[in-house]
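Beneath this line is the structure, given in structure tokens, with notes to follow.
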Amino acid sequence: MADFAQTLMTALAVGSLYALIALGYTMVYGILKFINFAHSDIVVLGAWLSFTMAQRLLPMLGLDPHNPATTPPLWVGEVILLASMAFCSLIGFAIERLAYKPLRKAPRLNVLITAIGVSLLLQNVGQLNFVFGPSPQKMPALLPTWELLRVSLPSANGNRDVVVGLVDVVIIVTSAVLMIALEYLVFRTKTGTAMRAVSFDIDASALMGIPVDRVVSFTFVLGSALAAAAGFLYALKYPGLNQPAHATWVLLGLKAFVAAVIGGIGNVRGAVLGGFVIAFVEQFGAFYLSSNYRDVYVFALLIAILLVRPSGLLGSTVREKV
Amino acid sequence: MTQQGLATAPLESARPPRERGLVGTVVNSAWPVAVGLTVAAMMHVMLPTTIGPFYTRIVIDSGIAIILAVSLNIVNGMTGQFSLGHAAFLALGGYTAGMITFYGSLLLWNSPAKQGGFLGSGEWLFAFACLMGGIVATLAGYVVGLPSLRLRGDYLAIVTLGFGEILRVILQQTRPVIDSVEKLKNAGAAQLWPPPVGGAVGFNGLPKYTNLFWVYAFATFMLVVAFRLKRSSLGRAMISVREDEFAAQAMGVNVARIKVLAFMIAAFFAGLAGGLYAHESGLIMSPRDAGFQRSLDYVLMTVLGGRGSISGVMLAAIILTVMPEALRDFDQYRLIVYALLLIGMMLLRPQGLFGIHEVWDWRPRWRSRAATTRSMPAKGGRPNA
């Protein structure tokens with residue numbers, strides 16, 4: 001019971017992160033029909049920017065960034081989050097304009113290969129000594145280590161305490177706020193309607209007077225902002241930041257993409273659902289079966305879903321055009 | 001669009017007609033193989049003493065890269081399926097071959113050290129192990145090829161990538177290597193399953209048999225198969241699947257069979273190269289070799305060389321093997337150069353250096369205009385990808 005509750009808590013927090021990242025993948029795929037391999041690197045950028053800013057800001061406030069006991073007031077975290085979202089949006093915009101836009105009419109495979117190239121570029125520029133450097137770093141503590149709730153629940157060997165930490169709650173609440181905002185934007189505003197129209201048929205919406213280029217750019221800006229937020233929250237949850245080209249980041253991005261596919265790619269709600277499905281499979285599999293194979297569960301689930309229901313859980317079946 | 005499957009036809013027919021039957025076999029296969037083996041043997045005898053161990057190593061690396069890139073090109077270039085998991089076959093072949101030579105030597109000669117000299121008993125065990133590695137990889141290729149029947153493009157890329165990552169994680173969970181006969185005889189099921197191939201640290205202590213002769217002998221084998229394939233009915237069927245799957249099907253091509261076959265052939269040679277890679281001195285086969293990053297290296301070679309051009313891909317494999325060595329002092333920037341190369345290539349010359357042509361098809365534009373206007377496909381290669 002205690003173990004179950006603790007795993008559930010972790011799965012919810014990790015699931016929100018996957019969902020945030022998956023949203024970026026699914027929006028881009030919905031419109032341009034290619035996997036934006038560079039999306040996971042925006043997450044990395046968000047995390048490392050947060051680290052850099054925290055490293056610079058805390059001494060200005062008279063705090064020691066290496067001492068986890070001294071935490072800044074809450075607004076510092078918010079400022080860092082917003083600044084990193086803004087910067088990543090800019091990068092996302094630039095990537096779309098410079099690398100993907102010239103290929104709008106090219107075969108999809110070429111765009112996919114370009115995306116892989118952009119991803120490699122971001123990773124390795126980030127690894128340069130004068131950018132983020134090639135070694136792992138420790139994220140300064142931005143949140144106090146409060147326990148919001150501590151319950152003693154029975155488990156296999158006696159009672160165990162289940163702790164609900166501030167970090168998990170902040171992750172879940174922030175992601176929920178962002179996802180609700182996105183839901184509102186996509187389904188209730190004019191811009192959102194334009195996005196859905198472009199994703200339905202890019203040529204027809206251009207004929208209807210929708211500024212397609214602007215909508216595509218906006219999608220990238222939006223997805224990159226969400227990715228930056230996910231990167232920031234990830235750094236809060238797991239303060240040991242790996243260097244930008246480390247395999248853990250690639251894997252994080254891949255799992256989020258898997259989440260988008262499982263939910264039904266192109267479907268905003270599906271991406272959120274997929275994020276939680278992946279997190280539950282991974283966390284519960286890791287706890288109850290074997291933690292060594294946690295990545296295997298995710299990819300096995302992906303292959304199974306693709307073979308049984310290629311359009312994903314919430315995706316509508318679209319006939320491939322010949 | 002449907003004419004593009006036949007796009008290479010005018011160029012092919014410009015050459016003298018192919019011999020058929022027994023004479024054809026000799027002219028087209030036996031003769032090149034004999035030349036290749038002779039060259040390989042000469043390289044083995046002469047090169048290491050003249051150019052030294054460092055450059056020998058680069059030549060060996062290039063040979064292995066050629067096998068991997070050209071085999072991947074059968075799937076990605078000729079058949080038009082996008083696989084991002086080629087390194088999984090490399091690792092599978094390498095681990096299989098490594099187990100055979102390591103535990104085989106242990107049982108046969110009581111020690112995992114090298115046995116015999118050039119073409120001695122140890123080397124034949126090694127050659128056999130490489131072939132077995134290829135066969136195991138072929139079986140895996142069948143399994144990985146199956147999803148290609150239902151998925152295409154990006155989805156297939158992700159699934160093949162998933163296979164590679166799964167294999168990487170599984171290899172990390174393997175048992176430590178058992179390095180003596182006594183321990184091997186006393187080992188219980190717990191030490192033998194999962195197989196004792198070293199876990200996360202890699203497969204240490206393999207006898208280092210790989211030399212220029214075997215690398216280029218296998219490379220010859222690969223290249224002869226690739227060139228013969230490209231001009232055979234099977235190869236034309238593969239190209240037709242790449243150009244337009246539905247049109248191919250309408251023409252009576254068994255698309256499912258062709259796709260799976262392409263995966264199996266590519267996997268066989270990747271497994272073979274894996275055996276060579278595992279036994280190369282100075283390298284340790286590790287689970288990371290199955291992962292995404294390594295697959296990407298070979299994808300890059302096929303993209304750079306031109307999807308469908310065997311000689312172009314060979315050239316790209318050599319360039320991309322030599323370049324990192326030349327840029328060793330700028331190691332930080334190596335991958336940045338790769339990335340810019342990839343992006344620039346896609347923006348400026350998406351069909352690769354040679355597109356669908358071979359290196360020797362190239363000739364000054366004014367002389368070949370008549371041929372190219374008839375045979376060049378529309379800009380960008382595949383329109384309907």
Side-chain angles (χ1 to χ4, degrees), chain A residues 29 33-38 95 98-100 102-103 105-125 127-130 134 245 247 250-251 254-255 257-258 260-261 265 290 292-303 306-308 310 320-322, chain B residues 76 80-82 84 146-147 149-159 161-170 172-173 244-247 288 291-293 296 299-300 302-303 307 332-348 350-351 379-385:
Chain A
Y29 197 97
K33 305 282 180 286
F34 81 101
I35 304 172
N36 183 12
F37 259 94
I95 292 173
L98 296 176
Y100 301 150
L103 292 170
K105 296 269 174 258
R108 266 159 54 193
L109 222 46
N110 292 6
V111 192
L112 182 69
I113 294 168
T114 313
I116 294 175
V118 173
S119 160
L120 266 182
L121 185 70
L122 287 178
Q123 281 175 15
N124 290 290
V125 169
Q127 292 250 63
L128 291 177
N129 281 325
F130 52 86
V250 179
L251 219 53
L254 282 179
K255 283 182 193 163
F257 178 75
V258 169
V261 173
I265 195 125
S290 157
N292 290 333
Y293 292 102
R294 57 170 66 208
D295 304 334
V296 173
Y297 307 139
V298 174
F299 286 111
L301 181 68
L302 168 76
I303 293 171
L306 280 181
L307 291 179
V308 178
E320 278 264 0
K321 269 187 285 183
V322 181
Chain B
N76 283 17
Q81 310 298 302
F82 195 64
L84 275 177
L146 286 181
L149 307 182
R150 300 202 53 171
L151 310 168
R152 60 187 70 191
D154 319 14
Y155 283 101
L156 181 65
I158 282 291
V159 168
L161 195 158
F163 269 110
E165 291 294 321
I166 289 177
L167 184 66
R168 183 177 63 80
V169 174
I170 290 175
Q172 279 173 353
Q173 315 304 327
D244 192 324
E245 218 170 277
F246 293 91
R288 277 176 52 199
F292 171 54
Q293 304 275 345
L296 208 54
V299 171
L300 199 63
T302 58
V303 170
R307 305 187 304 122
Q332 279 202 71
Y333 297 94
R334 179 176 65 100
L335 284 163
I336 297 181
V337 172
Y338 272 23
L340 291 173
L341 212 61
L342 207 58
I343 301 170
M345 204 74 191
M346 280 301 116
L347 291 177
L348 303 173
Q351 71 272 42
K379 225 177 162 184
R382 308 168 56 206
N384 211 11

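Quick note: numbers below take in every heavy atom, side chains included, and nothing from hydrogens, waters or symmetry partners. Chain letters run A, B, ... following the sequence lines, proteins first, then strands; residues in each count from 1. Note that the structure is predicted; figures quoted are calculated from it, not measured.
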Seminar exercise, completed: Most contact-rich option vs chain B, by heavy-atom pairs under 4.5 angstrom, among A/L122, A/N129, A/L302, A/V298, is A/N129
Would you mind checking which part of [X] comes under 4.5 Å of any heavy atom in chain A, side chain (CB onward), backbone (N, CA, C, O), both or neither?
| X | result |
| --- | --- |
| B/R288 | neither |
| B/L300 | neither |
| B/L296 | side chain |
| B/L146 | neither |

Select one option (side chain, backbone, both, neither) describing which atoms of [X] are under 4.5 Å from chain B's heavy atoms.
| X | answer |
| --- | --- |
| A/V250 | side chain |
| A/L128 | both |
| A/L301 | neither |
| A/L112 | side chain |
| A/Y297 | neither |
| A/K105 | neither |
| A/V261 | side chain |

Exercise. Taking only residues two or more places apart in sequence or in another chain, which ones pass ring-ring contact (aromatic ring centres under 6.0 Å, His included) with A/F34?
Worked result: A/Y100
Problem set entry | Results of ring-ring contact (aromatic ring centres under 6.0 Å, His included) for B/F82 - residues two or more places apart only | none
What's the shortest heavy-atom distance between [X] and [Y], and which atoms?
| X | Y | result |
| --- | --- | --- |
| A/I113 | B/M346 | CG2-CG, 3.9 Å |
| A/G117 | B/A339 | O-CB, 3.4 Å |
| B/L347 | A/A99 | CD2-O, 3.7 Å |

